[in-house]
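All values reported here derive from a predicted model rather than from experimental measurement.
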Amino acid sequence: METAIGAASWLVGKVLNKLSDDLVSAYVASSELGLNYDLINTNLMYTQGLLHASQNKDVSSDHGLRGLLKKLAKKADEAEDALDELHYFIIQDQLDGTREATPDLGDGLRGYALHGRHAARHTIGNWFPCFCCSRTQDADFAAGNPHNVTKSDSGNDGGCVAKLKFDRVAMSNKIKSVIEGIHNLCDPVSDLLNKIPNNSTVVTIKRSPTSSTVSQDKLFGRSVIFEKTINALTSGTYQTETLSVLPIVGPGGMGKTTFTQHLYNDKRVEGHFTVKVWVCVSTDFDVLKLTRQILSCIPAVEEEKYKCTIETASLDQLQKSIAERLKSKRFLIVLDDIWKCNSEADWKNLLSPFTKGESKGNMVLVTTRFPSIAQMVETTDPIELGGLEPNDFFTLFEACIFDRSKLPGNYKDDLIDVARDIARKLKGSPLAANTVGRLLRKNLSREYWMEILEKNEWSNTKNDDDIMPSLKISYDYLPFYLKKCFSYCSLFPEDYKFQNSEITHFWMTVGIVDSSSQNDKNYLEELVGNGFLIKGGDNSGQYYVMHDLFHELSRNVSSQECFNICNLSFRADDIPKSIRHLSITIKKLYAESFVEEMGKLRSMIDIGNLRSLMIFGLHGVRIANMLKDTFEEIKGLRVLFIAMNTQQSLPNNFSNLIHLQYLKISSPYGLEITLPSTLSRLYHLKFLDLIDWCGIEKLPKDFSRLVYLRHFHSSKNFHSNIPEVGKMKRLEELREFHVKKENVGFELKELGELSGLGGELSICNLETVRSKADAGAAKLKNKTNLKELRLVWSKAEHQPIDDDVLDGLHPPNNIRGLGIINPGVKAGPSWLCGDVSTKKLESFHLEGVSWSTLPSFEQLSNLSKVTFSNIIGMRFFGPGIGGITERSFTHLKVIVFEDMAELVEWVGGPSSHMFARLESIKINDCPFLCSFPFLEFSDVFTNLCTLDIKSCPGLSMFPLMPHTSTLTYVRVENDGSELLYNGKVVSIKGYTRPLAFHIMDKVELMEIRDVSHVTLSDLQKLKSLSSIHCERCDEVFSVGPANTVLLHSVQNIYIEELQITRELFSKALRSFPALSKLEISECGNLELLPVEDGGLSDLRMLQSFHGFSCGKLFSEWPMGEGGGGGHAINPFPTFLKKLDIWYEPSMQSMGLLSNLTSLTSLSLIDCRALTMDGFNPLITVNLKELYVQNEEGISIAGDLLSEIARSKLMRAGSFQLEELYVDSISAVLTAPICSHLAATLHILQFGFDQSATNFPEEQERALLLLTALQHLVFYGCKNLQSLPRGLRGLSSLKRLVIESCKKTLSLPPKEGLPTSLEVLEVWYCSPEVTEQAKKLNEADPWFSVSIL
């Protein structure tokens, strides 16, 4: 009921918001409508106030009120639509200087005249659109248009588009009707709300209590974090602290309580803590009550000074008693399932008696599903419990299904595959495993389990201990506005990465978030704090993501309003008729029923009344046409996410979407399509997202008519090409503006109109501005929302300009980032180099100047980053030079010098405090710089994290690097000498300065090229080292006679061009007992020792070997050995899993590999002397990948496959290849081979087959046996004239590649290709094939065709 009241309040608020517009309210109050506007407005505000005040009252039993609220919400929705439509035409009047929608504010003559003009055509009370363009122009054109689109939407010719016509009579009648309708409901709703007793109680959330008794005998998974936690509790860093608080946090159902129960009852914990207490907190965080519970669990001591009666004692008495009982005892307190804590003060109050003890290592464990609570209570990093690992989860899942019963006889044959599919959907949640396990246990038939899988039946479970009810408790705990925010997330695909701006703008558009107070609260962070979203980050920036089970919950709680079609086999009948927001996640493949069900959708829901339509993913022409037909009647959309793959992709009614506020259009790469010209007619548009637009970057000529646009997410090219952008006064985002003196609409005065601009702004081509007055027209000083400003003049020689121009470009005083690039003036501006007004600057970039006086950096005390680039005349930098004093840069963290052709010295001594806080130094392209303070006084730079030096040949005498553990990124590149260090990787090339190996304890990869001073003893100091890459540095593998150097952590070694003897190499390998991967490349003199005890045979952990173009690796090995005989000696250890031998003439016999029966991957490329001598078929038993290929010469592929076919392996079903790369088509395409590869082979590549010309019938039939094949490649088959005719029969094929097959003259037509095919690549083929590929691409632009 709370939701019903909240929804009604929300919708009434939206109506009031529309009425707050002066012209809209004037129209409603005009005499032609005859309404008592003031009374209506007052009653609406009164009703909204009552609704808001009643949100927490329990009125669930009042069915009459529920019905009235539903009617009120519907009428409010209709009223908002009508008022929004009126507002659209008011905007159009303002743009065109017309008075079509102007209210009657005087004697009513104008209003009545307009009313009379339309009366002849309409009967009062008729409800049809208040504009006629959508039913005349569009309909007339669509009748003769094969693509069924409006003419104005078919492209962007740069011209203006026709405006929509206003029907005043219809509008007046509509508004009068909806306003009266909503007003008539206000009184009865308000009356019933007033009759609700004031003593109504808020519905509380009830949680089942927990205890310390282990509820699940075995802890599945989490062994690593469990042991780590046990060690931390009993012998770790907590032992030095009096009290530590460790939160265990995670979504509901992740097993936090179970995990903590096992910790609590572990014998090591029991032996370590004298006192243990378990308290279930739940939703009732009462300090007094919790203190009483805790005290009751602590054993009394003799002669207690503060002994008290627990039930009646005060908090002070209770806490003194606790402190007394715990004074000399080590204790563990578990506070399980905390849902709230009113304040940090309450938390500290609860903990106060536990901080008084004499013992160390005391612990409080807190379990909670709320990260915000974990953050408040933690004194150490929390344990974050997510889903179990797949294998651990499946073991738990099976235990939940069968309890302690034995597995049924049909489990492995009929059920295990379904069980695994269900398990994948549950995302590792232990509670979900219990919920679904109980469901599956009821009926052990495949049909029943498939139904559970396809319908996600666990979403409908009702018991309190089931997964969805457990998660819904978290939802019920949210305030109404967060419930709405969360529920609307269901429209986005699973695992969607929410960007702050995108989801916030969506919430604002649908009315959840008030745009006027958007900065007051961060709703995403609140959802993170409540455990509904997880914050992440990648190269694109910060994002938020929702756990899949929470996504399922959001679908459940929003099911009457929102629906996301994401299932291949969705049914239109499953979609409630009440939905207003619809999204479709396009998959690559859809069942035939999808198109049919989408057709049904038109009659199932009110398409015209949809508020949101969001289409995610790429789709082909067929799906595009289907979507276009399905949504032909859209008219009420506020949100539209859509992709264009042709100029006719948009719905027919796109140009008439007068309510649209948020539009996101994408397009695939490589298509020459333009934005719709009618885009500029969507006057209500507030948010336009073209980030994923890859078509022609051309805006409609009258784009500036979008006067309500606030945020325009797109490339800078779009931003810089908006003519007359000054008309868009509400715009808050303009990343780049280009001054174009010759073009009207691109003068600086356009910026002067945009007072609300925020974020970053670059103004380019400023060389065309000739006077201070012209510069001042931009009114930059007034743009107080700007965070960063870049003023850019062209690098090309430009005419001398007035030095006052820069003065006229005065930024706002509160600007945080400023860049001045190539200004071409002799002196700096007064606001920067005189009486500094930009004192809040944090980042400053100065480039291409020759000013005699630099800014007074002492006055820019907030500077944290400064960049100097191409500063002419600057030879020295430091105190006493160019306005720099000892008090300059005291807060500087980042300094950058780039392209400083004259700079000789950066002056500074050990006592200087100028750069004490520096965290990053970057110096690039300073050819004469010979000194900077770090070289002499590196110990002063204690905060330095990043040092980046490039193309500065005078800087060479670097100290020991890295000089401290704080320095985690170093790059030095000078004259072929290179050092790169990033904390995990060290890469040196010709770098001869000393390295601090003892500091680099987290380095995992060491790359060494062309140096002689690094030894294995040095590398031994890198405790985390797992990989070594050496090129042309023989000394690295020099070891002493005692061979005492052992690098236990090293698992991977790559060596290239080493001149090393076989004896020394064999000896060096003993230093790597854990080596699992060895790669040797172009070591021309290296030979592997043919001895039984030595060389590679000692490497007991070796899993992978790659030999490339060495020439002599096997030259000392006898040929023809093999057969697995007991006395055979082989180069590689028996347990090797992956072997690659490329371009190795000394590899002459398959017998060398006869002992490798564990191989899963074998690659033999261009071993031209290789024969089948000594071949052991057993080496193929476990193969998943096989590569056998010679570009020229005799192929052994045919002999190899024939040998396998003749063996018993195939008949035993032991041949399990998934990837096969061979140089003989005829060797593979035989019925015996293909029938045994049918179930497993996914990738098949034919390369360099010089004999194949076409595909005989028997090969065609054999190919069709490969039913699991997904990728098929023909590469370098020079004589191949045609492709297989039966490709369409490969029903699983996704990718087809034809490369360098010059004699192939034709491709199959689209209908001759499998419907599953997603990608066709045609590279370096005949002109005929290339042309056919282009036509295929044009026929279906989103059928991905790559052509070279």
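- Annotation for Thr1240 and Ala1268: closest pair N-CB, 4.4 Å, computed over non-hydrogen atoms.
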Exercise. Take Tyr981 and Tyr969 through the test ring pair (Phe, Tyr, Trp, His ring centres under 6.0 Å) and record every step on the way to the result.
Key: CA-CA 5 Å; Tyr981 166 66; Tyr969 180 87; 8.6 Å; no
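- Listed for the Thr1134 side chain is no donor-acceptor partner under 3.5 Å among the backbone atoms of Leu1156.
- In terms of modelled atom types and a separation under 3.5 Å, the side chain of Asn1182 and the main chain of Thr1157 share a donor-acceptor contact.
- Applying the side chain to side chain donor-acceptor pair (under 3.5 Å) test to residues at least two apart or on different chains, the pairs with a partner in residues 1016-1026 are Thr1015-Asp1018.
- Using bins of under 30°, 30° to 60° and over 60° for the plane-to-plane angle, the ring pair Phe1132/Phe1114 lands in the perpendicular bin.
- Tyr1275 has its ring centre less than 6.0 Å from the ring centre of Phe1248.
- For the atom pair CD of Gln1216 and OG1 of Thr1160, the computed distance is 13.0 Å after rounding to the nearest 0.5 Å.
- Ion pair Asp421/Arg424 flagged as a salt bridge, since at least one NZ, NE, NH1 or NH2 atom sits closer than 4.0 Å to an Asp/Glu carboxylate oxygen.
- Glu1007 and Ser987 get closest at one heavy-atom pair: OE1-OG, 3.0 Å.
- Using cut-offs of 30° and 60° on the angle between ring planes, the pair Tyr991 and Phe958 is tilted.
- The heavy-atom pair separating Gly1111 from Ser1146 by the smallest distance is O-CB, 3.6 Å.
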Exercise. Check step by step if salt bridge (charged side-chain N to carboxylate O under 4.0 Å, His left out) holds for Glu1057 and Arg1032.
Key: CA-CA 5 Å; Glu1057 296 186 53; Arg1032 299 174 299 279; 3.4 Å; yes
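- A salt bridge links Glu1004 to Lys984: at least one charged side-chain nitrogen sits closer than 4.0 Å to a carboxylate oxygen.
- For the pair Leu1139/Ile1141, a side-chain contact is recorded, criterion being any heavy-atom separation below 4.5 Å from C-beta on.
- Using a 3.5 Å distance cut-off with no hydrogens or angles, the side chains of Ser1154 and Asn1176 do not pair a donor with an acceptor.
- Checked by atom type, the side-chain pair Ser1163/Trp1142 shows a donor-acceptor distance below 3.5 Å.
- Glu1185 and Ser1161 share a donor-acceptor pair across their side chains, judged by distance under 3.5 Å alone.
- In terms of the side-chain hydrogen bond (donor to acceptor under 3.5 Å, both in side chains) criterion, residue partners of Glu398 (sequence neighbours excluded) are, by chain and number, Tyr411.
- Nearest approach of Ile988 to Met1006, heavy atoms of both residues: CD1-CE, 4.2 Å.
- Nearest heavy atom pair, residue Leu1102 against residue Lys1077, reads CD1-N, 3.9 Å.
- Two residues are said to be in side-chain contact when any heavy atoms from C-beta on lie closer than 4.5 Å; Tyr1054 and Leu1078 fail this criterion.
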